[in-house]
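Residues take their numbers from the sequence shown, with the count starting at 1. Both ligands and their constituent atoms are indexed starting at 1 by order of listing.
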Amino acid sequence: MLTKYKIVFLGDQGVGKTSLITRFMYDTFDSHYAATIGIDFLSKTMYLDDKTIRLQLWDTAGQERFRSLIPSYIRDSNVAIVVYDITNKDSFNDVQKWFDYIREERGSDVLIVLVGNKSDLEDKVITSEEGEALAKKIGCNFFIETSSKNGYNVKKLFKKIAKLLPELQNENADRALGGDESTNIQTINVSAGKPPEESLSSCQC
Ligand SMILES: Nc1nc2c(ncn2[C@@H]2O[C@H](COP(=O)(O)OP(=O)(O)OP(=O)(O)O)[C@@H](O)[C@H]2O)c(=O)[nH]1
Ligand SMILES: [Mg+2]
């Protein structure tokens, strides 16, 4: 039996959404910034004892001009990860806005995770306590600080998510993220205004 979980990454431009996914999928980091155009789709398949679990990762663009594409991706997601940059106050202030988008599209029927990324940097302006307090205030399932650059807490982020997913028991979640797995990557170009439904059917997910 194939269980699919859709995870959508949200947050301002340059906070590190793509870098977090790249660290998780390939254990690499690129300091060169290449803005995401439209929406990218990546899929990670994990084989467990008697079932296959597929994490579908939707990497959205933080740039304002792609904002109208995002709600339809939130709509059918199981998990929404809101990312801010711990050295960028504006990105933290915008978390509430991302949270409002999620609640508007999904109500409370979604796991929400708050991630403070770039923990390797020294010019931190948002403290861990502030991150934790905001996560509590807006009702996130959990808060975590990460670094896509040195990998700090990136596996832990996905492990914690897996443990919260229905039908995935704790021990399986550990194995799912450390065991036999395969990775597929697909990039969907939705910047030309292609409806998401069409894109979905063309990506064999
Ligand atoms: N020092 C440090 N730099 C990071 C980290 N994560 C990302 N970066 C850098 O920040 C820049 C933006 O990262 P991206 O992953 O492209 O950000 P994004 O959120 O996907 O941006 P958009 O696609 O425009 O929404 C890049 O130059 C990355 O190398 C991190 O944990 N630490
Ligand atoms: Mg990106």
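- Residue, atom and distance of the protein heavy atom nearest to atom 17 (O) of ligand 1 are G16 N, 3.1 Å.
- Judged as a side-chain contact (heavy atoms from CB on, under 4.5 Å), and not counting sequence neighbours, the contacts of T18 are T22, T36, D59.
- Looking at atom 21 (O) of ligand 1, its nearest protein heavy atom turns out to be G14 N, 2.9 Å.
- Counting protein heavy atoms only, atom 27 (O) of ligand 1 is closest to S31 O, 2.9 Å.
- Ranking protein heavy atoms by distance to atom 29 (O) of ligand 1, first place goes to D30 O, 2.7 Å.
- For N117, every heavy-atom contact with ligand 1 shorter than 4.0 Å involves the side chain, none the backbone.
- Counting protein heavy atoms only, atom 1 (N) of ligand 1 is closest to D120 OD2, 2.9 Å.
- If you look at L20 next to ligand 1, there are no close heavy atoms at all, none under 4.0 Å.
- For G11, the heavy-atom gap to ligand 1 stays at 4.0 angstrom or more.
- Any N or O atom pair closer than 3.5 Å counts here, and S19 shares at least one such pair with ligand 1.
- K118 NZ, 3.1 Å is the protein heavy atom nearest to atom 10 (O) of ligand 1.
- In terms of polar-atom proximity, L121 is not counted as a contact of ligand 1, lacking any N or O under 3.5 Å from an N or O of the ligand.
- Between R23 and K149, the shortest heavy-atom distance links the atoms NH2-O, 2.7 Å.
- By the ring pair (Phe, Tyr, Trp, His ring centres under 6.0 Å) test, F9 pairs with no residue at all, sequence neighbours left out.
- For the Mg ion (ligand 2), the set of protein N/O/S atoms nearer than 2.8 Å consists of T18 OG1, T36 OG1, ordered by chain and number.
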Under the salt bridge (Lys or Arg N to Asp or Glu O under 4.0 Å) criterion, do D100 and R103 qualify, and how do the steps go? CA-CA 5 Å; D100 292 343; R103 287 289 185 236; over 6 Å; no

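- Below 30°, between 30° and 60°, or above 60°: for Y84 and F143 the angle between ring planes is below 30°, a parallel geometry.
- The distance from the CG atom of D12 to the CG atom of N88 is 7.0 Å, given to the nearest 0.5 Å.
- The N/O atoms of S119, backbone and side chain alike, include none that comes under 3.5 Å of an N/O atom in ligand 1.
- Listed by chain and residue number, W98 satisfy the ring pair (Phe, Tyr, Trp, His ring centres under 6.0 Å) test with Y101 (two or more places apart in sequence, or in another chain).
- Closest protein heavy atom to atom 24 (O) of ligand 1: Y33 OH, 2.5 Å.
- For ligand 1, the polar-atom distance check finds an N/O of K17 within less than 3.5 Å of one of the ligand's N/O atoms.
- Backbone and side-chain nitrogen or oxygen atoms of F29 are examined, and none is located within less than 3.5 angstrom of a nitrogen or oxygen of ligand 1.
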